[in-house]
Amino acid sequence: FQPKRLAGRHVLITAGPTFEAIDPVRGITNRSSGKMGFAIARAAREAGAQVTLVAGPVALPTPRGVQRVNVQSALDMQRAVQASADAADVFIAAAAVADWRPATEAGQKIKKDGSGAVPALAFVENPDILAGVAASARAQSGALYCVGFAAESHDLLAHAQAKRARKGVPLLVGNIGPDTFGLDHNALLLVDAQGARELPRADKLSLARALVAEIAQRLG
Ligand code: C5P
């Protein structure tokens, strides 16, 4: 028996990578599988929440009962998040959002001209979706509980604490690495105002259920 600890709550989750177009056939992305975010969506739904899952390009099946919004770029993801954030009680940013996007997207496929010349790509920084939501009035007042993730290769606790402060979120979840991209197991470090607590190594669905229970407890 699992109590429906999130009944009546709306949970908004981002998951997967983003895809930043260079031209109609090319782009830049990353190796995020989306598995952790999708597992959290499933766990939140199991806990009785209404769940909106804003997903970058991944081939994973939609968890039962979850409303999925597919997006490509970071800007698309930001728009989709902003469209749902006002109705949400919890925002969990599990997506691996691209830090930069090509400054311009070519309208047509960039062609080789035969001279051996290579295109020069210029980049601009993407908006920080989580920091933006965390700075909103509803998040600042506590009406919207924001959770961020961090993937670090070293000094996870120090980086997670710094990231928690920088993003302005009450709870920052560190992936206990080195690199869990695409894998089915992980361990998590939960960093909040009280300190740090480890969720020991387990499959991502078990971790997602434990994380959702922790969040439900913090909501009171
Ligand atoms: O700064 P960094 O990318 O390490 O932060 C990771 C956290 O911030 C994750 O929760 C991620 O989903 C979120 N993020 C975001 N928008 C960005 C970059 C990161 O929401 N542009």
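Just so you know, residue 1 is the first one in the sequence shown, and it goes up from there.
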Please determine whether residues [X] and [Y] belong to a single hydrophobic cluster, defined as Ile, Leu, Val, Met, Phe, Trp and Tyr linked transitively by side-chain heavy-atom distances below 4.5 Å.
| X | Y | answer |
| --- | --- | --- |
| Phe149 | Leu60 | yes |
| Leu156 | Val173 | no |
| Val66 | Leu12 | no |
| Leu190 | Ile92 | yes |
| Val90 | Leu188 | yes |

**OP:** With side-chain contact (heavy atoms from CB on, under 4.5 Å) as the test, would you mind laying out the steps for Leu130 and Phe91 before giving the verdict?
**Re:** CA-CA 8 Å; Leu130 175 60; Phe91 175 50; 3.8 Å; yes
Going from [atom1] on [X] to [atom2] on [Y], what distance comes out if it is rounded to the nearest 0.5 angstrom?
| X | Y | atom1 | atom2 | result |
| --- | --- | --- | --- | --- |
| Leu171 | Arg218 | CG | CZ | 5.0 Å |
| Leu205 | Lys35 | CG | NZ | 12.5 Å |
| Gln50 | Thr52 | CD | OG1 | 5.5 Å |
| Gln78 | Ser73 | CD | OG | 9.5 Å |
| Asn186 | Leu207 | CG | CG | 6.0 Å |
| Leu199 | Arg209 | CG | CZ | 14.0 Å |

Under 3.5 Å, side chain of [X] to main-chain N/O of [Y], donor-acceptor pair present?
| X | Y | value |
| --- | --- | --- |
| Arg26 | Ile110 | yes |
| Asp76 | Arg79 | no |
| Arg197 | Leu189 | no |
| Thr14 | Val54 | no |
| Asn70 | Pro57 | no |
| Asp128 | Ala131 | yes |
| Ser84 | Val81 | no |
| Arg42 | Phe38 | no |
| Arg138 | Ala88 | yes |
| Glu152 | Ala160 | no |

Do [X] and [Y] have side-chain N/O donor and acceptor atoms under 3.5 Å apart?
| X | Y | value |
| --- | --- | --- |
| Asp113 | Ser115 | yes |
| Thr18 | Glu20 | yes |
| Asn126 | Asp99 | no |

**OP:** Return the set of residues passing side chain to side chain contact (heavy atoms under 4.5 Å, CB included) with Arg9 (not counting sequence neighbours), or none when no residue passes.
**Re:** Leu6, Asp89, Leu219
Can you find a heavy atom in the side chain of [X] that is under 4.5 Å from one in the side chain of [Y]?
| X | Y | value |
| --- | --- | --- |
| Ser33 | Val58 | no |
| Pro170 | Asp192 | no |
| His10 | Val51 | no |
| Ile22 | Glu105 | no |

Subject >> Stepwise side-chain contact (heavy atoms from CB on, under 4.5 Å) test for Val11 and Ile215 >> reply: CA-CA 11 Å; Val11 178; Ile215 292 169; over 6 Å; no
**OP:** May I have the step-by-step check of side-chain contact (heavy atoms from CB on, under 4.5 Å) for Val133 and Cys146, ending in yes or no?
**Re:** CA-CA 8 Å; Val133 172; Cys146 292; 3.9 Å; yes
Subject >> Set of salt bridge (charged side-chain N to carboxylate O under 4.0 Å, His left out) partners for Asp203, sequence neighbours left out >> reply: none
Original post:
Does Lys4 pair with Glu46 as a salt bridge, N-O distance under 4.0 Å?
Top reply: no
Subject >> Carboxylate-amine/guanidinium contact Arg101 Glu125, below 4.0 Å >> reply: no
Original post:
Would Arg201 and His185 satisfy side-chain contact (heavy atoms from CB on, under 4.5 Å), going step by step from the backbone distance to the final call?
Top reply: CA-CA 7 Å; Arg201 193 171 167 71; His185 287 69; 3.6 Å; yes
